[in-house]
Amino acid sequence: MKTKDVPQDLKYFKDKVIRDVMYAVDEDGRYTKVVSDGWSVKNDVLAVVWEDILEDCEPIRRQVLRKEVSPLAYHMKKNLQDVAMLAAYAGIPKRKVKKHLEYEAFAELDNQTLAQYADALRITVDELKRVE
């Protein structure tokens, strides 16, 4: 898997390694959070999972290019969100999210609504408007 395909904004992603928060006893005998150095098996599994997710996104990406669905559908799938989840994160009613999955309806959205979606998907508005 290419590094560019792995979400770079993961909090514990560094140098192609997924790192976990663990608990350890510090010098005063108290439990404290520490970041692991990563675990190669877990990283290999996550790489395969991301390849599968991106593969599942490809048919939707092609639909977006044909203007059959909006870019929102692609980004929602890529972020493993469904309508209810995205609606909750973006603060937008589910019925409107469903409507915005249509290419024409999405194209008419105002900047505030686009920003709500972008924030919920942890991407920029420019990224939201296009597919890779």
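Keep in mind it's a predicted model, so treat the numbers as computed, not measured.
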How would you list all residue pairs meeting side chain to side chain donor-acceptor pair (under 3.5 Å) that involve residues 86-99, not counting sequence neighbours? Lys99-Glu102

Would you give the length of the straight line joining atom CG of Leu80 to atom CG of Asp56, rounded to the nearest 0.5 angstrom? 9.0 Å

Met76 and Asp82, any side-chain heavy atoms less than 4.5 Å apart: no

Could you report the tightest heavy-atom contact between Ala87 and Pro93, atom names first, then the distance? CB-C, 4.2 Å

Any chain of hydrophobic side-chain contacts (each under 4.5 Å) joining Tyr74 to Leu101? no

Closest non-hydrogen contact found for His100 with Ser70 is O-OG, 2.8 Å

Roughly how far, to the nearest 0.5 Å, is the OG1 atom of Thr124 from the NZ atom of Lys129? 9.5 Å

Spell out, as yes or no, whether a donor-acceptor pair under 3.5 Å connects the side chain of Arg122 to the backbone of Ala118. no

Linked, directly or transitively: Tyr117 and Ile123 (ILVMFWY side chains, under 4.5 Å): yes

Can you tell if the side chain of Val25 reaches within under 4.5 Å of the side chain of Arg30, non-hydrogen atoms only? no

Does any part of the side chain of Val69, heavy atoms only, come nearer than 4.5 Å to the side chain of Tyr103, both counted from C-beta? no

At what distance, to the nearest 0.5 angstrom, does CZ of Arg66 lie from CZ of Arg61? 10.0 Å

Ionic contact status for Lys78 with Glu132, cut-off 4.0 Å: yes

With distance as the sole test, does Thr32 use its side chain to make a donor-acceptor pair with the main-chain N or O of Ala24 at under 3.5 Å? no

Working to the nearest 0.5 Å, report the span between CD of Glu55 and CD1 of Ile53. 11.5 Å

Just to verify, what does His75 make a ring-ring contact (aromatic ring centres under 6.0 Å, His included) with, not counting sequence neighbours? none

Looking at Asp28, is its backbone amide N or carbonyl O close enough to the side chain of Asp26 to form a donor-acceptor pair, meaning the two atoms are under 3.5 Å apart? yes

Excluding sequence neighbours, so at least two apart, what forms side-chain hydrogen bond (donor to acceptor under 3.5 Å, both in side chains) with Asp110? Thr113

Using the rule that Ile, Leu, Val, Met, Phe, Trp and Tyr join whenever any side-chain heavy atoms are under 4.5 Å apart, tell me whether Val125 and Leu86 fall into a single cluster. yes

For Leu121 and Glu127: C-alpha separation, side-chain torsions, deciding distance, then whether side chain to side chain contact (heavy atoms under 4.5 Å, CB included) applies. CA-CA 10 Å; Leu121 294 163; Glu127 290 170 320; over 6 Å; no

dist Leu114:CG -> Leu72:CG (nearest 0.5 Å) comes out at 9.0 Å

Would you say Ile60 and Leu54 are hydrophobically clustered, going by side-chain heavy atoms of ILVMFWY under 4.5 Å? no

Validation row: Leu128, Phe106 side chains within 4.5 angstrom (heavy atoms): yes

